[in-house]
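Some notes on the structure that comes next.
These figures come from a predicted structure and were not determined experimentally. Numbered from 1 within each chain, the chains take letters A, B, ... in sequence-line order.
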Amino acid sequence: METGGTSSSGEGFLSRMALNDNKAGMEGLDRDKINKIIMKSSKGSRFYENEMKKEQQVNQRIERMMLQKSHITEQQLSKAQTQVEKMTFDLDRVRDLSRVIVHVDMDAFYAAVETRDCPDLKDKPMAVGSMSMLTTSNYHARKFGVRAAMPGFIAKKLCPNLVIVPTNFDKYREVSAEIREIFADYDPHFLPMSLDEAYLDISEHLEQRRGWPEVLPCNTFAMGLLLVILLGIAPNMMLAKVCSDKNKPNGQYRLPSNRQAVMVFIQDLPVRKVSGIGKVTEKMLGALGITSCVHLGQEMALLALLFSETSWHHFLDISLGLGSTHIERDGERKSMSTERTFGEMSALEEQFSLCRQLCQDLAQDLQKEALKGKTVTLKLKNVNFEVKTRAWTLPCAVATTDELFAVAKDLLKTEIDNVSPQPLRLRLMGNLNLPSLTGLNGVYRWKKILTITFHICCIY
DNA sequence: ATACATACC
DNA sequence: TACTGGTATGTAT
């Protein structure tokens with residue numbers, strides 16, 4: 001069932017372009033056939049060329065790492081080993097198995113909501129998004145290799161009958177608010193990660209019902225049409241997240257709160273399944289022969305010598321099945337940004353006017369939360385998909401359109417001057433402001449629109 | 001602090 | 001024809 005990612009061997013195509021079948025609903029697909037279509041649609045494009053460049057950079061990074069590895073002595077390794085063992089011992093000693101953390105994930109959320117509103121879609125391959133980009137796909141579509149973060153025009157080649165529905169964020173927000181009310185019944189301090197995902201700590205909830213059969217929201221929420229909720233239940237957030245993905249497309253999975261069960265669960269878990277390990281880290285670890293979490297534990301001394309402290313500590317936690325045991329809503333936000341993609345833009349007036357518009361949009365967003373920021377970052381992406389960021393930090397925090405534009409236009413001007421007399425051939429501009437100062441969290445107030453009923457069932 | 005990369009949804 | 005947008009954080013300088 002596991003592929004451990006997309007780079008099973010040295011095929012002649014880019015691992016970063018190939019189908020990412022890491023997510024559920026993509027098992028047993030004809031990956032070769034799908035990848036051929038993806039490659040055919042992409043090859044030669046500017047996007048593809050840029051991806052190729054990025055992949056070369058990753059390869060170089062791996063080469064540097066392997067060179068570094070070749071210089072490691074037995075002595076260094078055994079010293080690191082001692083350090084790792086001590087740390088492992090300490091971590092294990094304070095392991096907290098007392099909490100019951102739930103990761104909730106609404107399966108193919110946007111697609112499910114759209115299907116509720118248009119039941120005809122139920123039996124058709126469909127995706128939400130546009131010809132440029134898809135955000136979700138239903139299970140029929142996944143069978144063709146169609147998935148989130150894939151451009152619609154490629155998805156159409158994989159599945160000519162694919163129905164693409166435009167996104168309706170307001171609608172998803174409404175449904176999300178409904179679901180969140182239920183989450184709050186189980187944990188008033190639940191942590192929303194996005195419209196369709198959240199972490200809950202149900203330890204208290206269970207404690208209050210001691211002696212009762214253990215109950216949790218089951219996987220089926222009836223809302224005009226079925227909305228499937230996936231639950232992962234485990235002693236910490238990292239494991240809960242992995243668990244919620246375990247029984248897709250319909251189910252819940254509970255990992256018991258004992259060390260033995262956790263360690264068995266971790267053994268064969270591909271590193272890519274862990275949140276925070278993406279395709280680059282997967283590839284780097286793969287170069288060291290590490291594909292599953294056991295390997296991670298076995299090679300920890302080596303990892304301690306090759307990676308930064310934060311990285312290998314993270315790896316160590318993963319290899320021991322450790323994760324955060326108390327969920328906390330994020331404090332104040334750390335940044336706010338806005339960016340836009342468009343057809344090639346080379347005219348100066350247009351570029352400056354867009355820059356001003358972005359500053360205005362950002363100023364508006366900042367105002368909504370009564371925030372100001374000190375660092376203004378200009379982000380540019382040219383028609384070859386190359387990204388540049390240029391930042392300037394001010395002595396005082398700013399928030400208005402004019403204040404932002406005063407900085408952003410200089411940053412933009414500098415970049416234009418740098419390439420002149422050639423024009424900047426842009427496809428994206430963005431404007432990022434890193435706030436400090438005043439933070440006010442908005443209060444959610446949503447009307448109840450749907451009736452939600454849900455099953456109660458035992459989780460054992 | 002700045003630039004760029006990675007990751008998540 | 002067509003490959004997102006918002007936020008956080010890691011890596012490197």
Regarding A:Ser308 and A:Ser311, is there a side-chain donor-to-acceptor distance under 3.5 Å anywhere? yes
With a 6.0 Å cut-off on ring centres, are A:Phe307 and A:Phe315 close enough? yes
Using the ring of each side chain (for Trp, its six-membered ring), is A:Tyr172 parallel, tilted or perpendicular to A:Tyr110, with breaks at 30° and 60°? parallel
Just checking A:Ser337: base, sugar-phosphate only, or nothing, at a heavy-atom cut-off of under 4.0 Å? base
If you pin A:Phe385 and A:Glu339 to their nearest nucleotides in DNA chain C, which one's is more 5'? A:Phe385
Look at all strands and tell whether A:Glu51 reaches a base, only sugar-phosphate, or nothing, counting heavy atoms closer than 4.0 Å. nothing
Using a cut-off of 4.0 Å on non-hydrogen atoms, how would the nucleic acid contact of A:Arg64 be classed: base, sugar-phosphate, or nothing? nothing
Distance in angstrom units between A:Leu158 CG and C:dC3 C1', rounded: 14 Å
Base, sugar-phosphate or nothing for A:Lys54? Non-hydrogen atoms, less than 4.0 Å. nothing
Name the nucleic acid region contacted by A:Ser130, choosing base, sugar-phosphate or nothing; use a 4.0 angstrom heavy-atom cut-off, strictly under. nothing
Can you see if the side chain of A:Arg61 gets near the phosphate of C:dT11 - specifically, an N or O under 4.0 Å from OP1 or OP2? no
For A:Met429 and A:Glu339, run side-chain contact (heavy atoms from CB on, under 4.5 Å): C-alpha distance rounded to whole Å, both residues' side-chain angles, the deciding distance at 0.1 Å, then the answer. CA-CA 6 Å; A:Met429 192 183 297; A:Glu339 67 184 53; over 6 Å; no
Does A:Ser45 have a side-chain nitrogen or oxygen under 4.0 Å from the phosphate oxygens OP1 or OP2 of C:dC3? no
Please figure out whether A:Ala391 or A:Ile277 has its closest DNA chain B nucleotide nearer the 5' end. A:Ala391
How far does the P atom of C:dT4 sit from the matching atom of B:dA5, given to the nearest Å? 16 Å
Using a heavy-atom cut-off of under 4.0 Å over every strand shown, decide if A:Lys241 touches base, sugar-phosphate, or nothing. sugar-phosphate
Which part of the nucleic acid, if any, lies within contact of A:Thr135, taking any heavy atom under 4.0 Å across all strands shown: a base, the sugar-phosphate backbone alone, or nothing? nothing
A:Glu332 CD to C:dA8 P, straight-line distance once rounded to whole Å: 10 Å
If you look at every strand shown and take non-hydrogen atoms under 4.0 Å, does A:Met336 touch a base, only sugar-phosphate, or nothing? sugar-phosphate
Rounded to the nearest angstrom, tell me the gap between atom NZ in A:Lys379 and atom C1' in C:dG6. 9 Å
Can a side chain N or O of A:Arg46 be found less than 4.0 Å away from OP1 or OP2 on C:dC3? no
NA contact type, A:Thr338, heavy-atom cut-off 4.0 Å: base, sugar-phosphate, or nothing? sugar-phosphate
Considering every strand and a 4.0 Å limit on heavy-atom distances, what is the contact class for A:Leu432: base, sugar-phosphate, or nothing? nothing
What is the nucleic acid contact for A:Leu134, judged by heavy atoms within less than 4.0 Å: base, sugar-phosphate only, or nothing? nothing
Rounded distance in Å - CG (A:Asp365) to C1' (C:dG6): 10 Å
Extract all donor-acceptor atom pairs below 3.5 Å that involve side chains of residues 147-162 of chain A and protein atoms in other chains or at least two apart in sequence.
unit_1, atom_1, unit_2, atom_2, d
A:Arg147, NH1, A:Asn20, O, 2.7
A:Lys156, NZ, A:Leu162, O, 2.8

Given that A:Glu309 and A:Phe342 both sit by DNA chain C, which one's nearest nucleotide is further toward the 5' end? A:Phe342
Atom CD of A:Gln57 to atom C1' of C:dA12: distance rounded to whole Å? 13 Å
Outer limits of DNA chain B sitting under 4.0 Å from a non-hydrogen atom of chain A, read 5' to 3', are B:dA1 to B:dC9
Do A:Leu322 and A:Leu91 come within less than 4.5 Å of each other through their side chains, counting heavy atoms only? yes
Heavy-atom donor-acceptor pair, A:Ser42 side-chain to C:dC3 base, under 3.5 Å: yes
Would you kindly compare A:Thr377 and A:Asp196 by the position of their nearest DNA chain B nucleotide and give the one closer to the 5′ end? A:Thr377
Could you check if a side-chain atom of A:Met52 sits within less than 4.5 angstrom of a side-chain atom of A:Glu49, using non-hydrogen atoms only? yes
Starting at CE of A:Met429 and ending at P of C:dG6, how long is that distance when rounded to a whole Å? 14 Å
Tell me whether A:Arg46 forms a cation-pi arrangement with A:Phe385, defined as NZ or CZ under 6.0 Å from the six-membered ring centre and within 45 degrees of its axis. no
OP1 or OP2 of C:dA2 under 4.0 Å from side-chain N/O of A:Arg427: no
Between C:dG6 atom P and A:Met193 atom CE, what is the distance in whole Å? 18 Å
Counting only side-chain nitrogens and oxygens, does A:Ser308 get under 4.0 Å of the OP1 or OP2 atom of C:dT11? yes
Do we get A:Arg142 above A:Tyr139's six-membered ring, with its NZ or CZ under 6.0 Å from the centre and within 45° of the axis? yes
Ring pair (Phe, Tyr, Trp, His ring centres under 6.0 Å) between A:Phe265 and A:Tyr253, worked out: CA-CA 12 Å; A:Phe265 182 79; A:Tyr253 184 91; 5.7 Å; yes
May I ask you to verify if any side-chain N or O of A:Ser335 is less than 4.0 angstrom from the OP1 or OP2 atom of C:dT7? no
Round to the nearest Å and state the distance from A:Phe315 atom CZ to C:dG10 atom C1'. 11 Å
